[in-house]
Amino acid sequence: MQMQDLTYRLPDARGHFGPYGGVFVAETLMPALTELREAYAATQQDPEFRAEFEYELKHYVGRPSPIYHAKRWSGLLGGAQIYLKREDLNHTGAHKINNCIGQALLARRMGKPRVIAETGAGQHGVATATVAARYGMECVVYMGSEDIKRQAANVYRMKLLGAKVVPVESGSKTLKDALNEAMRDWVTNVGNTFYIIGTVAGPHPYPMMVRDFQSVIGTECLTQMPELAGRQPDAVIACVGGGSNAMGIFYPYIGRKEVKLIGVEASGFGIDSGKHSASLTLGRPGVLHGNRTYLLQNEDGQIIETHSISAGLDYPGVGPEHAWLKDSGRAEYVTITDDEALQAFHDLCRYEGIIPALESSHALAYAAKLAPTLATDQVLLVNLSGRGDKDMHTVAEKSGIQF
Amino acid sequence: MSLIAQTFARLAAEGRKALIPFITAGDPDPAATLPLMRSLVAGGADIIELGVPFSDPMADGPTIQRASERALAKGMSLRKVLAVVREFRAENSTTPVVLMGYANPVEAYGIDLFACDAAAAGVDGVLIVDYPPEESIEFSAVLKREQLDPIFLLAPTSTESRFAEVAEAGSGYLYYVSLKGVTGSGNLDLDEVAARIPLIRSQVGMPVGVGFGIRDGVTAAKIARFADAVVIGSRIIEEIESGPPEQAPARVQAFLSGIRSAMDAVSQQGESR
């Protein structure tokens, strides 16, 4: 008889996934995190909250998102069948909105009229600005000034939605610095402000809470895969920056040991280039942004600058639950370069008529590597976490085209 | 008795309050730190808080962020911070030195090795901003084993149940963050601080220092009426930034002397009452 592991109960009460996770923040935020933990726990007991969340996901986000069998691409690759979980079809074009709805509903319950967020490429910023408009909340988004230059369209989207976008000039002027600045805002305005963190990182309860809100992705797959493919996949593949889309699709599959979980990190210009974002593959455990996890750091413990063609993967840390899944061996983490991701981006455009986000293109690229090594009756499920409209500029530039 | 405890005991006997300046080690370059520490002592420092620069100083405002960036750009590291403390200790055996910083550089160094080397260098206390008591049980034990004081923060948001937790975990003194915000903010509410400190002092059984947002002698003197120590950081770094680097020690000493006189005037007043 095959035993299913139903004992996975992480994090523990203090937010630890083995040695990872935890609450590494200055004292001023400790009471706010306790308040958040308690408020979130209360929603878990409350069917009304669940019902409201589900209503919003269905009618506002457009869930459930379909799974699509990429038959033509699979056939060309000549191996396993590739199925795509279509998070790109969500309102705002990515999985980020699932979590933002959940946290905004929680903010409303806690009576916080102001929400703040950090953003790199602008996807989480747009999703936060969207829910803030939807629920009538004041919204401030912190964004590195370098990212603002690269993502002008998303900056304008946020402004259209009524958010204030604050440029961050410190450090490397990218996502990690935006996160630092959002933390500083939260410390200052902790009474009336809810910090909507966009990924499964940060101090407890964020990694757990974001995972829970995003796990709607994997939960839907559990019922959709048997309907469409007649069975569960042999492997689930997702890209990992902070890791929220990956945790969302992995989590419901953790207890099903026959399903491989594969996270794909960005190796940028290559694993030996020093210009990458592969925290799990090349990093060492440390403490940043409120949690202990794998970090890209120098030998003195200073956080180093990262690179990926995809701004959403360009982050020196990773969610602590991924760190735990790596160490425990339950998930496997691999890397894909900028060039490999671009190839998969173009292939999906040309063979399936779907323009994927560059983040998701990393997961697609690994599936394209793996599929030909497997039999044609094997099944890979890839989380297509977002659409690529936001990346037009980057891809065109790479191809030497100017608008 | 630790050097920090001795210092507070001596000050209490004299009816004075402790002045604790903060500078970032390595700002504006590693060679500047020792002369600046001397000038802090000459300006009336009772304890020196030495910031260990970190690439992502989440609890700090723009001034200390800039100081960290300057120090890191000049190659400052935790190892070099300890070397500076060792030099300072060779010439000054009475002024306690407290390292203040973030967890990651310490973890990268290794907490056992760090505690050992810090004690050997002459460090007296360590305050890691993103190590609240519940995440630093092992770290505090390691520090105490090396006779180093683990110093913790309390904030305006802290509930009374946390006072006991911090009192249990910490030693030396307790650092009360005087405002909701980052270092160097301008929203200090003196009345709130005045109301909280007596309550905290009565419950933690160790000296209480107050910092964040203290910029002048008048404010320092007011805080010295009810706290055991006044911590000043960003304002001193502004002094370092404000002119030629070679004259920074003189500027810092002059600024700190002003704070010192303002605080001591209050102490004497307090005694005569």
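- Only the side chain of A:Leu288 comes within less than 4.5 Å of a heavy atom in chain B; its backbone stays farther off.
- Only the side chain of B:Glu107 comes within contact range of chain A, judged by heavy atoms closer than 4.5 Å.
- Electrostatic pairing of A:Glu138 and A:Lys164 does not count as a salt bridge here, judged by no charged N lying under 4.0 Å from a carboxylate O.
- The parts of B:Leu153 that come within reach of chain A are both its backbone and its side chain, each placing non-hydrogen atoms under 4.5 angstrom from that chain.
- Salt bridge present: B:Arg235 and B:Glu239 bring a charged side-chain N and a carboxylate O closer than 4.0 Å.
- Annotation: A:Phe269 is in aromatic contact with A:His307 [ring centroid separation under 6.0 Å].
- Ion pairing between a basic and an acidic side chain is recognised when a charged N comes within 4.0 Å of a carboxylate O; A:Asp147 and A:Lys173 show no such pairing.
- Other residues, nucleotides and ligands place no more than 12 heavy atoms under 6.0 Å from the NZ atom of A:Lys275.
- The contact between A:His16 and chain B is made entirely by side chain atoms (from C-beta outward), counting heavy-atom distances below 4.5 Å.
- Taking the ring axis of A:Tyr294 as reference, the NZ or CZ atom of A:Lys326 stays within 45° of it and closer than 6.0 Å to the ring centre.
- Residue B:Pro53 touches chain A through its backbone alone, counting heavy-atom pairs closer than 4.5 Å.
- For A:Val23, the parts lying under 4.5 angstrom from a heavy atom of chain B are both the backbone and the side chain.
- B:Arg201 has a carboxylate O that lies under 4.0 Å from a charged side-chain N of B:Asp228, or vice versa, which qualifies the two as a salt bridge.
- Note: A:Arg292 leads A:Glu181, A:Arg292, A:Glu169 in heavy-atom pairs under 4.5 Å with chain B.
- For chain A, the option among B:Pro133, B:Ala155, B:Ser55, B:Ser68 with the highest count of heavy-atom pairs below 4.5 Å is B:Ser55.
- Options B:Arg66, B:Arg162, B:Arg79 differ in how many heavy-atom pairs under 4.5 Å they form with chain A, and the most are formed by B:Arg162.
- Other residues, nucleotides and ligands place no more than 12 heavy atoms under 6.0 Å from the CD atom of B:Glu138.
- Both the backbone and the side chain of B:Val129 have a heavy atom closer than 4.5 Å to some heavy atom of chain A.
- Of the atoms belonging to B:Tyr109, not a single heavy atom falls under 4.5 Å from chain A.
- Of the two parts of B:Ile128, neither the backbone nor the side chain holds a non-hydrogen atom closer than 4.5 Å to a non-hydrogen atom of chain A.
- Of the listed residues A:Thr188, A:Asn298, A:Asn189, A:Asp185, the one with more heavy-atom pairs under 4.5 angstrom with chain B than any other is A:Thr188.
- Interface remark: A:Ile304 contributes no atoms to any contact with chain B (heavy atom separation under 4.5 Å).
- At a threshold of 4.0 Å, the pair B:Arg145-B:Asp112 counts as salt-bridged, since one of the basic side-chain nitrogens sits closer than that to a carboxylate oxygen.
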